[in-house]
Participant: 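What follows is a structure written as C-alpha cells; I'll ask about it next.
Position 1 is the first residue of the sequence, and the numbers go up from there.
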Amino acid sequence: QLAGGNITYTDNHLKLGLTGIYYFFNHPFEPDLWEYSKYNMHGNRFYNAGLEYGYRWHRFSFQGETAIGKKGFATLNKIRYSPMQGAHLSLIYRYYAHDYWAMFARSFGESSSVQNENGWYLAAEASPLAHWKFFASLDLFSFPWWKYRISKPSQGVDGMFQSIYSPKRNLSMYVNYRYKRKERDVAGTDGKVILPTYQHRLRYRLTYSPDHLQLRTTVDYNHFHSRGQEGSQGYQFTQSCSYAFSFPIKISVQGTYFHTDDYDSRIYASEKGLLYTFYTPSFYGQGFRFSACARYDVNKVFMFLVKFGQTIYEDRENIGSGNDLIQGNKKADLQMQLRIKI
C-alpha cells in the first residue's frame, strides 16, 4: 500500500513545496543483490520526503529539490539564465547518494534510477537566424559505487549538438550528434581490466505535416568501440505516417529497418503508445519492425485505442532465451485501452 501528499506555496517569484510518501509490502522486497547492487533497496517498509524550491529574479531562475529516504539522500538543482529572447543557458547539478532508496523516484540523470550518481550538466540554446535553432549540452557525470559491468567507481562524458531548421509551420528537420565516453569491464577478466568505451550517434529527422497528415522520416547511425578493440556500427531507417480523419478516428503506421553488428551498436526507434505512456524499444541484429495504432473517440465519454506491432529478425531462428524463448524469428505484441471519462 502507498500513501502520500504534497503541499505547495507559490507567489510571483517564490515557490516552496513539501512532498511525502510512505509505502509498504506484505511480503519482503528482496531482489538479488550482487556486489554492484548491494546498496539497492530491500525490505518491507519505505518512505521518502522531499523539499522543492524555486525562485525567479529578472532573467534568472533557480529550481531544485532535496529528498531523503529510509537510507541516503538526493538533490537536484538548476540555474537558468536568459540573456535575450530566444537564448537560454542552463546549469544542473545532481547528487544521488549510492545508498539512496526511492522506488518511485524519477529525475534527470545518466542512469534510469535515482541512485549512485553525481554530475554537472551545462546546456545552451539559441536562435540567431530566422527558422534556425541550435542546442548544445555537456554532461560530466560519475558513479561513486560499482555499476553493472563496471567493478569500480567510474566517470564519463556525454556531449550533444543539435541544429533545427523549420522554414514553415508544417515542415521541420534536425540533425543531432551525440558523443559519450564511459568505462566498462573487459569481458572475461573478472573486473581486473577496465577500459573506456566510446560511442558516436548521428540522427537526421524530417517532419512534414500538411493538413490532417503527418509524415516523419528518421535515419540513425551508431558507432561503438573500446580502446584497443575493433569497433561495431549500426543504422536504422524509420518511416511513420499519421492521419486524422474528419470523423473521430486517428491512425498511425510505422516501419523500421535496422542493421547492427552487435548489442553495443543497437538502435532505438520510438513509437506511438497507449495514452500516458511512451514506447522506445531497442533492436540489434538485422530485421524489420512494423506497428499500427488506431484511436476512436466514440463520444466525450468513451475512447478506445488499439495498437499492434511485429518484429521480424533476418539473422536468427529463435528470439530470447529461457522462459522468454520464442521459437521462430517473429515477435508480435498487441495492446488495447478503453478510457471512460465521467
Side-chain angles (χ1 to χ4, degrees), residues 54-65 76-96 106-112 114 117-142 155-182 197-209 214-224 233-240 242 265-272 278-280 282:
Y55 187 77
R56 185 179 300 274
W57 180 72
H58 298 291
R59 298 180 181 272
F60 287 91
S61 64
F62 172 72
Q63 296 173 301
E65 181 178 3
L76 176 77
N77 298 279
K78 173 183 177 181
I79 297 178
R80 182 182 173 94
Y81 174 58
S82 302
M84 62 185 70
Q85 185 175 2
H88 308 282
L89 290 172
S90 299
L91 178 65
I92 301 176
Y93 170 72
R94 62 191 185 275
Y95 175 86
Y96 310 143
R106 300 291 183 271
S107 187
F108 174 83
E110 169 65 19
S111 302
S112 58
V114 185
E117 182 173 331
N118 309 326
W120 292 90
Y121 175 84
L122 177 64
E125 183 179 87
S127 302
L129 304 173
H131 313 302
W132 286 89
K133 180 183 293 186
F134 299 95
F135 176 84
S137 66
L138 179 65
D139 188 18
L140 306 175
F141 54 87
S142 63
Q155 58 187 2
V157 178
D158 187 351
M160 188 182 76
F161 175 79
Q162 178 172 285
S163 61
I164 304 173
Y165 177 60
S166 181
K168 300 179 181 179
R169 293 185 59 184
N170 62 357
L171 177 65
S172 66
M173 66 184 74
Y174 74 78
V175 176
N176 178 299
Y177 169 73
R178 189 170 184 178
Y179 164 81
K180 183 179 291 188
R181 179 184 62 80
K182 298 175 70 174
T197 63
Y198 305 90
Q199 189 171 44
H200 303 267
R201 294 180 178 269
L202 184 64
R203 163 171 287 189
Y204 170 78
R205 173 170 288 176
L206 171 66
T207 303
Y208 180 49
S209 306
Q214 184 187 74
L215 301 172
R216 188 176 69 186
T217 304
T218 305
V219 181
D220 282 321
Y221 173 77
N222 299 337
H223 184 273
F224 178 93
Q233 59 184 359
Y235 58 88
Q236 66 98 357
F237 301 93
T238 296
Q239 179 63 55
S240 66
S242 302
S265 56
R266 63 192 179 276
I267 60 93
Y268 296 85
S270 58
E271 294 180 0
K272 286 184 178 293
F278 61 91
Y279 185 54
T280 308
S282 64

Participant: If I take atom CZ from residue Phe135 and atom OG from residue Ser163, how far apart are they, to the nearest 0.5 angstrom?
Facilitator: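 Going from the CZ atom of Phe135 to the OG atom of Ser163 covers 12.5 Å.
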Participant: Could you work out, with salt bridge (charged side-chain N to carboxylate O under 4.0 Å, His left out) as the rule, every residue matching Glu110, not counting sequence neighbours?
Facilitator: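 Residues passing salt bridge (charged side-chain N to carboxylate O under 4.0 Å, His left out) with Glu110: Lys180, Lys182.
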Participant: Which atom pair, heavy atoms only, marks the closest approach of Tyr174 to Arg203?
Facilitator: OH-CD, 3.3 Å
Participant: Partners of Ser265 by side-chain contact (heavy atoms from CB on, under 4.5 Å), sequence neighbours excluded?
Facilitator: Ser232, Thr260, Asp261, Asp262
Participant: Of all heavy-atom pairs between Ser90 and Arg80, which one has the smallest distance, and what is that distance?
Facilitator: OG-NH1, 3.7 Å
Participant: Please find the pair of heavy atoms, one from Glu65 and one from Asn77, that lie closest to each other, and give the distance.
Facilitator: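 Residues Glu65 and Asn77, closest heavy atoms: N-OD1, 4.4 Å.
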Participant: If you define the side chain from C-beta out and look only at heavy atoms, does anything of Val157 sit under 4.5 Å from Leu140?
Facilitator: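 In short, these two side chains touch, coming nearer than 4.5 Å.
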Participant: Measuring from atom CZ of Phe224 to atom OG1 of Thr197, what distance do you get when rounded to the nearest 0.5 angstrom?
Facilitator: 4.5 Å
Participant: Can you name the nearest heavy-atom pair linking Ile267 to Gly234, along with the distance?
Facilitator: CG2-C, 4.4 Å
Participant: Can you list everything that forms a side chain to side chain donor-acceptor pair (under 3.5 Å) with Ser82? Sequence neighbours excluded, please.
Facilitator: His88
Participant: What residues, two or more places apart in sequence or in another chain, satisfy side chain to side chain donor-acceptor pair (under 3.5 Å) together with Tyr81?
Facilitator: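 Expected list: none.
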Participant: Classify the side-chain pair Thr238/Gln236 by whether it contains a donor and acceptor separated by less than 3.5 Å.
Facilitator: yes
Participant: Is the shortest distance from a Lys or Arg side-chain nitrogen in Asp220 or Arg201 to a carboxylate oxygen in the other one below 4.0 Å?
Facilitator: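 No, this pair does not count.
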Participant: I'd like to check the side chain to side chain donor-acceptor pair (under 3.5 Å) partners of Asn176; sequence neighbours left out, ordered by chain and number.
Facilitator: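 With sequence neighbours excluded, Asn176 shows a side chain to side chain donor-acceptor pair (under 3.5 Å) to Gln162, given in chain and number order.
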Participant: Return the set of residues passing ring-ring contact (aromatic ring centres under 6.0 Å, His included) with Tyr235 (not counting sequence neighbours), or none when no residue passes.
Facilitator: Phe237, His259
Participant: Identify the two heavy atoms, one from Leu89 and one from Ala124, that lie closest to each other, and give their separation to 0.1 Å.
Facilitator: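 So the minimum-distance heavy-atom pair works out to CD2-CB, 3.5 Å.
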Participant: Looking at OH of Tyr268 and CG of Asn222, how far apart are the two atoms once the value is rounded to the nearest 0.5 Å?
Facilitator: 9.0 Å
Participant: Tyr179: what forms a side-chain contact (heavy atoms from CB on, under 4.5 Å) with it, not counting sequence neighbours?
Facilitator: Tyr177, Arg181, Tyr198, His200
Participant: Suppose we screen for side chain to side chain donor-acceptor pair (under 3.5 Å). Which residues come up paired with Ser242, at least two apart in sequence or across chains?
Facilitator: Ser252
Participant: Give me the ring orientation class for Phe161 and Phe134: parallel if the planes are under 30° apart, tilted from 30 to 60°, perpendicular past 60°.
Facilitator: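 Geometry flag for Phe134 against Phe161: parallel rings.
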Participant: Can you list everything that forms a side-chain contact (heavy atoms from CB on, under 4.5 Å) with Ser240? Sequence neighbours excluded, please.
Facilitator: Arg216, Gln254
Participant: Minimum heavy-atom separation for Phe108 to Ile92, with atom names?
Facilitator: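 That closest heavy-atom pairing would be CD2-CG2, 4.3 Å.
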Participant: Does Arg205, at its CZ atom, have more than 12 non-hydrogen atoms belonging to other residues, nucleotides or ligands within less than 6.0 Å?
Facilitator: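 For Arg205, atom CZ is crowded (more than 12 foreign heavy atoms under 6.0 Å).
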Participant: I need the Leu215 CG to Leu171 CG distance, nearest 0.5 Å.
Facilitator: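 Spacing of CG (Leu215) from CG (Leu171) equals 11.0 Å.
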Participant: Taking salt bridge (charged side-chain N to carboxylate O under 4.0 Å, His left out) as the cut-off, I'd like each qualifying pair that reaches into residues 117-127, sequence neighbours left out, listed once.
Facilitator: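 For residues 117-127: Arg94-Glu117.
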Participant: Restricting to salt bridge (charged side-chain N to carboxylate O under 4.0 Å, His left out), what partner residues turn up for Arg56, sequence neighbours left out?
Facilitator: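 Not a single residue meets the salt bridge (charged side-chain N to carboxylate O under 4.0 Å, His left out) criterion with Arg56.
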Participant: Measure the spacing between CG of Asn170 and CD of Gln214 and express it to the nearest 0.5 Å.
Facilitator: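 Going from the CG atom of Asn170 to the CD atom of Gln214 covers 10.5 Å.
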Participant: Who are the side-chain contact (heavy atoms from CB on, under 4.5 Å) partners of Ser142, not counting sequence neighbours?
Facilitator: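 Asn118, Gln155.
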Participant: Please check if any side-chain donor atom of Ser107 sits under 3.5 Å from a side-chain acceptor atom of Tyr96, or the reverse.
Facilitator: yes
Participant: Please test Leu202 against Val175 for side chain to side chain contact (heavy atoms under 4.5 Å, CB included), starting from the C-alpha separation and ending with a verdict.
Facilitator: CA-CA 7 Å; Leu202 184 64; Val175 176; 4.1 Å; yes
Participant: Hey, could you give me the CG/OG distance between Asp158 and Ser137, rounded to the nearest 0.5 Å?
Facilitator: 6.5 Å
